[in-house]
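If you're wondering where the values come from, they're calculated on a predicted model, not measured in any experiment. Below, all heavy atoms of this structure are taken into account, side chains as well, without hydrogens, waters or symmetry copies.
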Amino acid sequence: VAKGIITNLVGENIVVVSHTIFMNIFLNMACSESSLSIKEFMQALLHAKDTPNGGIIHLYYDEDIPEGMCAWQLIEYLN
C-alpha cells in the first residue's frame with residue numbers, strides 16, 4: 001500500500017519520515033511485486049535495528065525503467 005501511495009505522489013523530491021521498522025520493511029519490499037513471506041518479514045524485523053532512529057535512506061524511483069528491472073535504486077544509507 002505504502003509503495004503505491006509514494007509512487008503516485010506528485011513532485012520531484014519526496015521525503016518520508018517514519019520509524020526504522022517501516023523503512024526497513026519498505027526497503028525489503030521495494031523491488032518485490034508481492035508481499036513478504038513470514039520468513040522475509042521476520043528477517044526484516046531482525047535487521048530493523050541496523051538503521052537507528054534518525055538514520056537516512058535515500059532512494060531514487062525511476063518509473064521509466066526497463067521491464068524486469070527494479071524501479072527503486074538505493075542511493076545512500078546513512079546511519
Side-chain angles (χ1 to χ4, degrees):
V1 173
K3 189 167 51 170
I5 292 170
I6 294 169
T7 57
N8 287 318
L9 291 172
V10 177
E12 187 173 326
N13 296 300
I14 298 167
V15 175
V16 176
V17 178
S18 187
H19 297 279
T20 187
I21 292 174
F22 170 81
M23 295 309 294
N24 278 278
I25 298 293
F26 187 86
L27 278 176
N28 279 279
M29 293 188 68
C31 292
S32 177
E33 294 298 321
S34 61
S35 298
L36 294 177
S37 68
I38 296 294
K39 180 181 176 183
E40 292 168 327
F41 179 77
M42 293 305 292
Q43 287 173 334
L45 282 179
L46 290 173
H47 293 290
K49 58 186 166 189
D50 293 346
T51 304
N53 286 329
I56 298 171
I57 300 169
H58 180 189
L59 299 173
Y60 175 76
Y61 178 75
D62 184 356
E63 63 186 29
D64 297 321
I65 199 92
E67 188 175 331
M69 295 186 68
C70 182
W72 295 91
Q73 297 174 24
L74 178 62
I75 305 299
E76 286 182 289
Y77 193 92
L78 304 171
N79 289 337

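Contact annotation: the side chain of Tyr77 approaches that of Leu27 to within less than 4.5 Å [non-hydrogen atoms, C-beta and beyond]. Between Leu59 and Ile75 there is no side-chain heavy-atom pair separated by less than 4.5 Å.
Taken to the nearest 0.5 Å, the CD atom of Glu40 stands 7.0 Å off from the OG atom of Ser34. Here the SG atom belonging to Cys70 is positioned 10.5 Å from the CG atom belonging to Asp62, to the nearest 0.5 angstrom. Taken from NE2 in His58 to CG in Asn13, the straight-line distance is 7.5 Å, to the nearest 0.5 Å. Note that the OH atom of Tyr60 and the CD atom of Glu76 stand 15.0 Å from one another [nearest 0.5 Å]. Between atom CD1 of residue Ile25 and atom CD of residue Gln43 there is a gap of 10.5 Å, rounded to the nearest 0.5 Å. Here the straight-line distance linking atom CG of Leu36 with atom CE of Met42 works out to 12.0 Å at 0.5 Å rounding.
For the residue pair Asn28 and Ser32, no side-chain donor N or O sits within less than 3.5 Å of a side-chain acceptor on the partner.
More than 12 non-hydrogen atoms from other residues, nucleotides or ligands lie less than 6.0 angstrom from CG of Leu9. The environment of CZ in Phe41 is sparse: at most 12 heavy-atom neighbours from other residues, nucleotides or ligands sit within 6.0 Å.
A distance-only check finds no donor-acceptor pair linking the side chain of Lys3 to the backbone of Phe26 [under 3.5 Å].
Taken together through direct or relayed side-chain contacts under 4.5 Å among Ile, Leu, Val, Met, Phe, Trp and Tyr, Ile65 and Leu74 form parts of separate hydrophobic clusters. Cluster membership check: Ile21 shares its hydrophobic cluster with Ile38, using side-chain heavy-atom separations under 4.5 Å among Ile, Leu, Val, Met, Phe, Trp and Tyr.
Below 30°, between 30° and 60°, or above 60°: for Tyr61 and Trp72 the angle between ring planes is between 30° and 60°, a tilted geometry.
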